[in-house]
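First up is the structure itself, then whatever we jot down about it.
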Amino acid sequence: MLTLKYIRENTEEVIRRLAIKHFDGTVVISKIIELDDKRKAIQLQLDNNLAEQNRIAKEIGKLFAEGKASEANAAKAKSTELKEQSKILSQELKDVEDEQTKLLLQVPNLPHESVPQGVSASDNVVVRSGGTIPTLHDEALPHWDLATKYNIIDFELGVKITGSGFPVYRGKGAKLQRALINFFLDYNTAAGYEEIEPPHMVNEDSAYGTGQLPDKDGQMYHVTLDGFYMIPTAEVPVTNIYRDVILHSSMLPIKLTAYTPCFRREAGSYGKDVRGLNRLHQFDKVEIVQIQHPDRSYESLEEMVSHVEGLLQELELPYRIVKLCGGDMSFTSALTYDFEVFSAAQHKWLEVSSVSNFESFQANRMMLRFKEEGDKKAQLAHTLNGSSLALPRIVAALLENNQTPHGIKIPKALQPYCGFDKIDI
RNA sequence: GGAGAGAUGGCCGAGUGGUCUAAGGCGCACGCCUGGAGAGCGUGUAUACGCCAAAAGCGUAUCGAGGGUUCGAAUCCCUCUCUCUCCGCCA
């Protein structure tokens with residue numbers, strides 16, 4: 001959520017930058033400012049009314065103490081009248097505030113000045129790439145066939161137990177999952193991230209805090225009986241640790257990492273992109289989160305990008321890093337780098353990580369602030385997060401790219417975690 | 001799931017309708033004192049919104065959350081959430 005102060009002081013700029021995300025803010029922004037003027041006027045009147053009521057109430061106490069009952073009763077009548085007015089005013093104030101919040105929640109985050117123009121993924125800019133795309137042998141298979149051939153992932157069994165998009169990993173497949181999770185967590189903690197194991201369900205406040213609600217309502221599994229949401233990413237519970245918190249600037253940056261399963265309804269997804277591990281309802285992911293001083297959040301973003309890049313190099317996967325264009329960015333992000341690995345049997349790039357700076361957009365919703373030494377006033381912190389990494393597509397690429405006629409090779413870095421160097425029959 | 005007791009500032013804790021502008025203590029910050037430190041003394045110590053060009057200052061709201069009674073609520077009533085104790089169930 002953008003701050004009202006920023007919108008009021010930089011109206012033209014806000015509208016211009018929103019346009020890069022293909023969001024026409026002309027009407028909604030002026031409506032927000034109009035409502036804000038109205039809100040201030042109402043509040044001023046209401047505050048004055050309440051002040052008068054408070055004054056009279058005190059006076060009545062004094063009058064009764066002095067035994068002046070008739071004067072006290074006259075004051076009561078006056079106060080009752082004011083109370084009626086205040087009731088109407090506070091209802092008006094609430095209506096205006098609700099309307100204003102509703103509109104503010106519709107406005108996406110401003111893209112960073114460096115975000116490229118563009119409407120879709122094809123307009124994203126490749127920043128750099130690494131690794132080598134392998135040449136596969138003639139009988140090379142896509143990962144869903146490899147999974148069956150080596151009996152390491154059973155998609156059909158998942159359908160039986162739950163439904164599509166809930167695969168069952170077994171044997172070396174299951175062990176590979178565990179190895180990847182441990183490898184990622186170790187790599188992250190070695191870089192100074194504190195390991196967190198958060199709840200896998202969150203309440204409504206947390207879902208609002210990081211922006212899953214109201215924007216992505218319908219994409220999360222909702223446990224209606226208790227009002228909880230299954231987390232679509234560890235970002236939600238981990239970032240919300242700091243909801244309604246005022247930090248000291250010396251505590252920044254805060255660096256956290258967490259493994260969680262992620263649950264996504266993926267309503268509206270269909271077709272070839274959902275085959276095999278490409279798109280699931282439940283998948284494993286290790287996330288990194290940073291809470292940083294606004295002056296240094298872009299340094300942190302670059303650091304996180306290099307960090308994730310290091311992981312892909314360790315896994316010896318061919319990758320590229322793309323900077324998302326305005327049209328392909330998420331609602332809440334100010335700048336996003338996506339990481340893609342090349343899936344040699346599917347002949348396409350698969351997104352395995354998304355690293356973003358949200359600046360103060362989430363912090364404003366969450367009231368996540370910090371105080372500078374000597375400052376009286378708290379200011380909004382910046383939040384960042386990234387996948388480090390999401391497992392399914394990494395597994396897809398590992399299986400496909402490392403397949404040989406004699407089995408699937410496990411990259412060196414993973415071998416100590418797996419306890420084997422090859423998946424074969 | 002059942003019965004009971006609770007939720008007050010950064011922390012502890014007093015407060016059962018009007019001098020609550022929330023006592024007192026701890027912590028923290030600043031000042032005095034000191035060669036220095038400690039002790040002692042003094043001052044200050046939340047958040048949001050609004051008024052004001054801004055600062056200072058002032059106003060409003062906030063004693064778990066939301067509603068209600070009253071001229072007036074931390075205090076009385078209702079609903080909810082959470083915590084603790086006991087019982088039940090349980091990895």
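Naming convention: chains lettered A, B, ... in sequence-line order (proteins, then strands); numbering from 1 in each chain.
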Most 5' of A:Ala41 and A:Ala378 on RNA chain B, judged by nearest nucleotide:
A:Ala378
Salt bridge check: are A:Asp98 and A:Lys94 linked by an N-O gap of less than 4.0 Å?
yes
Decide whether A:Ser343 and A:Arg393 meet the rule of one side-chain donor and one side-chain acceptor closer than 3.5 Å.
no
Salt bridge check, A:Glu52 against A:Arg55: does any charged N sit closer than 4.0 Å to a carboxylate O?
yes
Between the protein and nucleotides 65-71 of chain B, are there any N/O to N/O pairs under 3.5 Å, and if so, what are the atom names and distances?
residue: B:C71; atom: O2'; partner: A:Ser79; partner atom: OG; Å: 2.7

If the condition is side chain to side chain donor-acceptor pair (under 3.5 Å), which residues does A:Lys255 pass it with, not counting sequence neighbours?
A:Glu303
As its Watson-Crick or G-U partner within any shown strand, both distances under 3.5 Å, B:G27 has B:U45
What is the separation between atom CZ on A:Arg8 and atom C1' on B:C49, rounded to the nearest whole Å?
13 Å
Distances under 3.5 Å between protein N/O atoms and the N/O atoms of nucleotides 60-64 of chain B, please, pair by pair.
residue: B:U60; atom: OP1; partner: A:Asn54; partner atom: ND2; Å: 3.2
residue: B:U60; atom: O2'; partner: A:Asp47; partner atom: OD1; Å: 3.3

If pairing means Watson-Crick or G-U wobble with both distances under 3.5 Å, then the partner of B:G1 is B:C87
Answer yes if the side chains of A:Tyr319 and A:Gln313 hold a donor-acceptor pair under 3.5 Å, and no otherwise.
yes
For RNA chain B, which residues in residues 242-253 of chain A have a heavy atom at a distance below 4.0 Å?
A:Ile246
Out of A:Leu247, A:Leu380, A:Ile246, which residue meets the side chain to side chain contact (heavy atoms under 4.5 Å, CB included) rule with A:Leu368?
A:Leu247
Please determine, for B:A39, whether a Watson-Crick or G-U wobble partner exists with both distances under 3.5 Å, and give it or none.
none
Roughly how far apart, to the nearest Å, are B:G25 and B:G31 at atom C1'?
22 Å
How close or far is atom P of B:G50 from atom CG of A:Asn49, stated in whole angstroms?
18 Å
Does a salt bridge link A:Glu9 with A:Lys5, judged by any charged N lying under 4.0 Å from a carboxylate O?
yes
Does the structure show a Watson-Crick or G-U wobble partner for B:A7, both distances under 3.5 Å? Name it, or say none.
B:U81
A:His222: which residues meet the ring pair (Phe, Tyr, Trp, His ring centres under 6.0 Å) condition with it, sequence neighbours left out?
A:Tyr229
pair_partner(B:U21), Watson-Crick or wobble, both distances < 3.5 Å, evaluates to none
Check: A:Gln290/A:Tyr193 side-chain N/O donor and acceptor closer than 3.5 Å:
yes
Mind running a 4.0 Å heavy-atom check of residues 33-40 of chain A against RNA chain B and sending the residues that fall below it, in number order?
A:Arg39, A:Lys40
Could you tell me which nucleotide pairs with B:U75 by Watson-Crick or G-U wobble geometry, both distances under 3.5 Å, or answer none if nothing does?
none
With a 4.0 Å cut-off on heavy atoms, is A:Lys377 in touch with a base, just the backbone sugar-phosphate, or nothing at all?
sugar-phosphate
Which atom names give the shortest non-hydrogen contact between A:Tyr417 and A:Lys175, and what distance separates them?
O-CE, 4.5 Å
Work out how far the C1' atom of B:G66 is from that of B:C30, and round it to whole angstrom.
41 Å
Test: A:Lys172 cationic atom under 6.0 Å from A:Tyr150 six-membered ring centre, within 45° of axis:
no
Rounded off to whole Å, could you give me the CD-to-P distance for the A:Gln379 and B:U47 pair?
13 Å
Where the side chain of A:Leu44 is concerned, which of B:A48, B:U47, B:G50 is the nearest nucleotide?
B:G50
Between A:His293 and A:Glu372, do the side chains contain a donor N or O and an acceptor N or O under 3.5 Å apart?
yes
Side chain to side chain contact (heavy atoms under 4.5 Å, CB included), paired with A:Val236, selected from A:His200, A:Gln212, A:Glu287, A:Met220:
A:Gln212
Suppose you measure atom P in B:U43 against the same atom in B:U47; what distance do you get, rounded to whole Å?
22 Å
Using the ring of each side chain (for Trp, its six-membered ring), is A:Tyr221 parallel, tilted or perpendicular to A:Phe166, with breaks at 30° and 60°?
tilted
From the list A:Ile288, A:Val286, A:Asp284, side chain to side chain contact (heavy atoms under 4.5 Å, CB included) partner of A:Phe184 resolves to A:Val286
Take atom CG of A:Leu63 and atom P of B:G72, then tell me their distance rounded to the nearest Å.
15 Å
